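Remember, predicted model here, so these are calculated numbers, not experimental data.
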Amino acid sequence: MTPQHRISTRLAARARTAGFTLIELMIVVVIVTVLVMVAVPTYLNQIRESRRTEARDYLVELASREERYYATQNAYTSTASNLGYGGFGSGNPVGSGYYYITVTVPDPSVTAPSFSLTATPVAGKGQDKDSYCASFTVESNGKRTALNSATADDSSVCWPSQ
C-alpha cells in the first residue's frame, strides 16, 4: 500500500464519521415536529388565558367604579368619562386591545337601578377565536357569567374563582 493510498483511506474513513446520516437527520426532524405540535397549542392556550384574565380584571374594576359612582350620584352611568375611561364599545378596546367593553344601564324610571358590563373580543386580534370564553359579563347584583362561541353558558370555566 502506497503512502498516498493510506492517506486517502484515512480521509475517507474520517469523512464518513464527521457528519450526520440522512436517517439521523430525519429522526431529529420528527422529534422537533412532535415537540412543536405539543408546545404551540399549549403556548397559545396560555396566551388566551392571560388575555381572558385581563378582560375579567377590567370588568371587575369597572364594576367597582360603577358602585363608587352610584354611591355619590345615586345612579349608574354608561358614560365612559364618568368612570374615568376614554370610551366604551367596539372603537375603544381596553388594556392590550384584545377586548372591548359595553355598558348597559337600563332606564331607572322603568326598572330598579342596575348595570351590566360585557367584555367581547376585538375581531381579528386572535382572541375572537377563543371558543370557550367568547364573552364575559358582570352585573350590578354581582352575577358573573360567560358565554362560549356557541352562546352557551360557560361561566364555571371562564370565571374559575367564583
Side-chain angles (χ1 to χ4, degrees), residues 23-162:
I23 298 292
E24 291 170 331
L25 185 61
M26 292 308 296
I27 289 171
V28 169
V29 168
V30 168
I31 290 171
V32 168
T33 303
V34 169
L35 289 174
V36 167
M37 288 174 52
V38 171
V40 169
T42 303
Y43 172 74
L44 292 176
N45 189 39
Q46 291 300 317
I47 294 295
R48 279 192 192 105
E49 181 56 38
S50 70
R51 293 173 182 165
R52 289 178 197 159
T53 301
E54 182 182 44
R56 290 190 305 255
D57 289 348
Y58 268 97
L59 287 177
V60 170
E61 190 262 333
L62 187 56
S64 175
R65 288 182 184 209
E66 280 282 7
E67 292 300 336
R68 281 194 302 261
Y69 186 84
Y70 185 83
T72 60
Q73 304 298 319
N74 203 30
Y76 293 113
T77 183
S78 60
T79 305
S81 61
N82 290 344
L83 301 173
Y85 280 79
F88 295 129
S90 60
N92 299 290
V94 295
S96 300
Y98 293 98
Y99 284 88
Y100 61 87
I101 296 177
T102 54
V103 179
T104 306
V105 177
D107 184 358
S109 65
V110 176
T111 182
S114 64
F115 66 83
S116 177
L117 310 170
T118 303
T120 309
V122 174
K125 298 273 284 199
Q127 203 62 16
D128 53 343
K129 295 183 181 12
D130 187 357
S131 59
Y132 293 110
C133 304
S135 67
F136 301 94
T137 302
V138 174
E139 297 176 11
S140 55
N141 62 4
K143 184 177 179 185
R144 299 174 181 182
T145 57
L147 300 177
N148 62 23
S149 60
T151 65
D153 187 1
D154 224 352
S155 301
S156 61
V157 172
C158 301
W159 286 97
S161 60
Q162 284 196 55

Shortest non-hydrogen contact between [X] and [Y], atoms and distance:
| X | Y | answer |
| --- | --- | --- |
| P93 | V122 | CB-CG2, 3.9 Å |
| A55 | A119 | CB-CB, 4.2 Å |
| L147 | T151 | CD2-O, 3.9 Å |
| P41 | V36 | CD-O, 4.0 Å |
| P106 | T111 | CB-CG2, 3.3 Å |
| V138 | A63 | CG1-CB, 4.0 Å |

Just how far is it from atom [atom1] of [X] to atom [atom2] of [Y], taken to the nearest 0.5 Å?
| X | Y | atom1 | atom2 | answer |
| --- | --- | --- | --- | --- |
| E66 | E139 | CD | CD | 13.0 Å |
| K143 | S116 | NZ | OG | 10.0 Å |
| T145 | D154 | OG1 | CG | 11.0 Å |

### Task
Not counting sequence neighbours, list each pair that qualifies as a disulfide (SG to SG under 2.5 Å) and has a residue in residues 72-144.
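Those involving residues 72-144 are C133-C158.
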### Verdict with supporting geometry, Y100 and T120, side chain to side chain contact (heavy atoms under 4.5 Å, CB included)
CA-CA 6 Å; Y100 61 87; T120 309; 3.9 Å; yes
### Task
Return yes when atom CG of L35 has more than 12 non-hydrogen atoms of other residues, nucleotides or ligands closer than 6.0 Å, and no otherwise.
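Enclosed.
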#### Entry: Greater than 12 external heavy atoms within 6.0 Å of Y69's OH
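Counting other residues, nucleotides and ligands, OH of Y69 exceeds 12 neighbours.
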### Task
Describe, in one word, how the ring planes of F136 and W159 are oriented to each other, choosing from parallel (under 30°), tilted (30 to 60°) and perpendicular (over 60°).
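Ring orientation, 0 to 90° scale: perpendicular.
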Between [X] and [Y] (side chain of the first, backbone of the second, donor and acceptor by atom type, cut-off under 3.5 Å), is there such a pair?
| X | Y | answer |
| --- | --- | --- |
| T42 | V38 | yes |
| T77 | T79 | yes |
| D128 | G126 | yes |
| S155 | A146 | yes |

### Query
Does any non-hydrogen side-chain atom of Y85 lie less than 4.5 Å from one of V94?
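Result yes, sub-4.5 Å side-chain heavy-atom pair found.
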### Audit row: L83, L62, side chain to side chain contact (heavy atoms under 4.5 Å, CB included) steps and yes/no
CA-CA 8 Å; L83 301 173; L62 187 56; 3.7 Å; yes
### Task
Please assess T72 against R68 for the test side chain to side chain donor-acceptor pair (under 3.5 Å), listing each intermediate value before the final yes or no.
CA-CA 7 Å; T72 60; R68 281 194 302 261; over 6 Å; no
### Task
Applying salt bridge (charged side-chain N to carboxylate O under 4.0 Å, His left out), name anything that partners R65, two or more places apart in sequence or on another chain.
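Applying salt bridge (charged side-chain N to carboxylate O under 4.0 Å, His left out) to R65 gives E61.
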### Task
Using the side chain to side chain contact (heavy atoms under 4.5 Å, CB included) rule, take R144 and V60 through it: C-alpha gap first, then chi angles, then the decisive distance, then the call.
CA-CA 9 Å; R144 299 174 181 182; V60 170; 3.9 Å; yes
### Task
Using only heavy-atom distances, determine whether the side chains of Y99 and E54 contain a donor-acceptor pair under 3.5 Å.
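No donor-acceptor contact under 3.5 Å links the two side chains.
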#### Entry: F115: which of F88, Y76, Y70 passes ring-ring contact (aromatic ring centres under 6.0 Å, His included)
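For F115, the ring-ring contact (aromatic ring centres under 6.0 Å, His included) check succeeds only for Y76.
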### Message
As a test of understanding, state which of R48, R52, R51 forms a side-chain hydrogen bond (donor to acceptor under 3.5 Å, both in side chains) with D130.
### Response
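The option that passes is R52.
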